[in-house]
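Note sheet for the following structure.
Counting starts at 1 for both ligands and their atoms, following the listed order.
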Amino acid sequence: MVDFTLTDEQKNLREVAHDFAEKEMRPVAWEYDRDSVWPENVIKKAWEVGLMNNHIPEEYGGVGLGYLDGCVIEEELAWGCSGIQTSVGCNGLATAPLILGGSHELKKEYLGRLTEAPLLASFCLTEPDAGSDVSGMKTTAVKKGDKWVINGSKCFITNGSHANFYTVYAKTDKDAGHRGISAFIVPRDAGVVVDKKEDKMGQRASNTATISFNDVEIPADHLIGEENKGFKLAMMTLDRTRPGVAAMATGIARAAMEFAIDYSKERVQFGVPIAMHQAIQFIIADMATEVEASRLLTWKAAFQLDNGERNTLVSSHAKRFAADTAMRVATDAVQVYGGYGFIKEYPVEKLMRDAKIMQLYEGTAQIQRLVIARETLLPRRAETPAAATA
Ligand code: CAA
């Protein structure tokens, strides 16, 4: 039977995450956003209380939480501040390919680094000329003896300025399109150059950087999985991480809705709190429905993964719907605040700026629709995750 009840453990995780969001993130969120402050102190605390890296299997020093567990945590932390959460949660994205396809030795070394100290890793797929079109990447990796030599540039890299190591996708066969891409672990001290930190519209506390590789040499065994199988590894990674983005979008939407509800009960116009006006009630009603629906799609996408099923379609449903919901709800929250919503002194304009990135990163709203259309019009063979890497 279908059951939407969280286990006691999941309820406890939610409580711990909510408490952290309320006490450690909210008090600094608006200031860090305004000044674009790197939230190193919050990241350290999140690591100490066990709210980072919880996807890492026990064998490699982690606690091996499931995808639904992760989504429950991510919604709460994004409710606190989605900018800080983008940096806190990025290790999950960066290490997903390693967990999926890496050798035991590579996992031991690099997952171990993250569980032993509050270090960060980055996921490097996007390039200046290859965003949605992953196969168009130009970064190359050439085998020379017992080394790979990497050249190229990656942009929009979360935590790029601060990462200890990078999961990098590069062409290993320039003429083979998506079948000529491989994935690698590149330690920062191999010579990764941070070119610039972006000055962003929203999520200003998270770090987003352009980085480059100029004849960066890494050991041959730093290839993740098989040569030329990197594209599928990237797609399978995004299937696993998009539910987390959807959970974050749900957290932003919920935060915006809560602010709108509180404000609508305080703000008096025409002699009554504006919550008494049907025009406002209908806005709040739509917010409540869409937040609920976002969470349900998110949980379904995560549940499928926990159940060993391929979740490509539902993952894109969740990411697309929750991201669009975050944008709509945050925009409507500004509407409920009226002119005050447009002023930085009030909380909701930050949420509107933060929500925008949810429709852009980890696959734009249009890419999600492309995946949904393909999976709906021409469903792929039902594969288990293990079969898809073969
Ligand atoms: N799982 C397993 N295999 C998959 C798959 C999946 N979900 N999706 C596709 N594949 C396989 C296909 O079966 C096909 O296999 P064969 O080689 O055997 O034929 C192969 O991959 C190619 O598939 P497509 O023909 O569908 O590939 P495409 O070139 O048309 O691209 C796409 C598809 C959906 C547009 C994809 O390129 C995509 O998702 N683009 C968006 C990229 C993205 O999300 N970037 C975000 C970067 S991360 C980030 O933002 C984080 C940050 O730090 C800011």
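By the 4.5 Å heavy-atom criterion applied to side chains, Leu297 and Phe321 are counted as neighbours. Trp79 places none of its side-chain heavy atoms less than 4.5 Å from the side chain of Ile252.
Interface atoms of ligand 1 facing His178, defined by a heavy-atom separation under 4.0 Å, are 16 (P), 17 (O), 19 (O), 20 (C), 22 (C). Using a 4.0 Å cut-off to heavy atoms of Ser135, the atoms of ligand 1 that qualify are 29 (O). Residue Met236 approaches ligand 1 through these ligand atoms, each under 4.0 Å from one of its heavy atoms: 1 (N), 2 (C). Near Asp239, meaning under 4.0 Å from one of its heavy atoms, ligand 1 places the atoms 1 (N), 6 (C), 7 (N). Annotation for ligand 1: atoms under 4.0 Å from non-hydrogen atoms of Tyr361 are 50 (O), 54 (C). Which parts of ligand 1 touch Thr126 is read off a 4.0 Å heavy-atom cut-off, strictly below it: atoms 47 (C).
Looking at Leu238 against ligand 1, only its side chain comes within 4.0 Å, counting heavy atoms. Under 4.0 Å from ligand 1, the heavy atoms of Leu370 that appear belong solely to its side chain. At a heavy-atom distance under 4.0 Å, only side-chain atoms of Arg242, from C-beta outward, approach ligand 1. Contacts of Leu93 with ligand 1, taken as heavy-atom pairs under 4.0 Å, involve the side chain alone. In Ser132, the part holding a heavy atom less than 4.0 Å from any atom of ligand 1 is the backbone. The side chain of Val371, and not its backbone, has at least one atom closer than 4.0 Å to an atom of ligand 1 (non-hydrogen atoms only; side chain from C-beta on).
Taking 4.0 Å as the cut-off between side-chain N and carboxylate O, Lys107 and Glu109 do not count as a salt-bridged pair. Ion pairing of Lys147 with Glu217 is absent here, as no side-chain N (NZ or NE/NH1/NH2) approaches a carboxylate O to less than 4.0 Å. By the 4.0 Å N-to-carboxylate-O rule, Arg254 lies close enough to Glu258 to be salt-bridged with it. Ion pair Glu362/Arg242 not flagged as a salt bridge, since none of the NZ, NE, NH1 or NH2 atoms sits closer than 4.0 Å to an Asp/Glu carboxylate oxygen.
By the 4.0 Å heavy-atom criterion, Gln368 is excluded from the residues contacting ligand 1.
Nearest to atom 53 (O) of ligand 1 by heavy-atom distance, out of Thr312, Thr158, Asn311, Ile181, is Thr158. With Phe231, Phe123, Phe156 as candidates, the residue nearest to atom 22 (C) of ligand 1 on a non-hydrogen basis is Phe231.
Remark: ligand 1 and Lys232 share an N or O pair separated by less than 3.5 Å (distance only, no angle test).
Residue-environment remark: CD (Gln335) stays at or below the threshold of 12 foreign heavy atoms within 6.0 Å. Enclosure of atom CD in Gln278 is not indicated, since only 12 or fewer non-hydrogen atoms of other residues, nucleotides or ligands lie within 6.0 angstrom.
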Candidate pair Asp324 and Arg369, rule salt bridge (Lys or Arg N to Asp or Glu O under 4.0 Å), full reasoning: CA-CA 12 Å; Asp324 289 351; Arg369 285 173 171 85; 2.9 Å; yes
